[in-house]
Amino acid sequence: MCYTGLFKRIIPFALTFAAGLFLASFFVSIALPTSRSDAERRFNRHQEVQQLRQDYDNLRERYRVLQAENKELKRSSENLDYVIPNAVPPVDIEEHHPPQPPAPPRQPKRLRVEILR
């Protein structure tokens, strides 16, 4: 008869736990996570390193090509004549006259007020 108190506590806990797992199974997989083996991890890491090296080599080659192109453009720009005839049409420069000064302000009409004595 002493086990009745234990059953009163364990049975509700087990039912609640089972209901919680059932509801959680709709949203999250309850199965144990699958882990990849060490060999798979090493292989994937090796592939990533190979891809990074290939990308780095491609970028280095592109940088080398762009530097060569830049040097070639600098060399060709040194050979160009910077004076290009008729590039800017001639401008007739007229003698500059300053603007007329503004007219002086008109004086307001003053009212003559006679002072009463």
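Only a predicted model underlies this, so the values are computations on that prediction, with no experimental measurement involved.
- Note: the hydrophobic cluster containing Y63 does not contain Y56 (ILVMFWY, side chain heavy atoms under 4.5 Å, direct or indirect links).
- Side chains of D55 and Q51: a donor on one and an acceptor on the other come within 3.5 Å.
- Residues passing the ring-ring contact (aromatic ring centres under 6.0 Å, His included) test with F17, sequence neighbours excluded: none.
- Applying the side chain to side chain contact (heavy atoms under 4.5 Å, CB included) rule to L52 yields no partners; only residues at least two apart in sequence or on another chain are considered.
- Applying the salt bridge (Lys or Arg N to Asp or Glu O under 4.0 Å) test to every pair with at least one member in residues 62-74, sequence neighbours left out, gives these pairs: E61-R64, E72-R75.
- In this structure, CG in L59 is found 11.0 Å from CD in Q54, a value given to the nearest 0.5 Å.
- Screening E40, R41, Q47 against F43 for a side chain to side chain contact (heavy atoms under 4.5 Å, CB included) leaves a single residue, Q47.
- Side-chain atoms of N70 and L66, non-hydrogen and from C-beta on, never get closer than 4.5 Å to each other.
- When every heavy atom of P12 is checked against every heavy atom of T16, the shortest pair comes out as O-OG1, 2.7 Å.
- One finds the CZ atom of F7 at 7.0 Å from the CD1 atom of I10 (value rounded to the nearest 0.5 Å).
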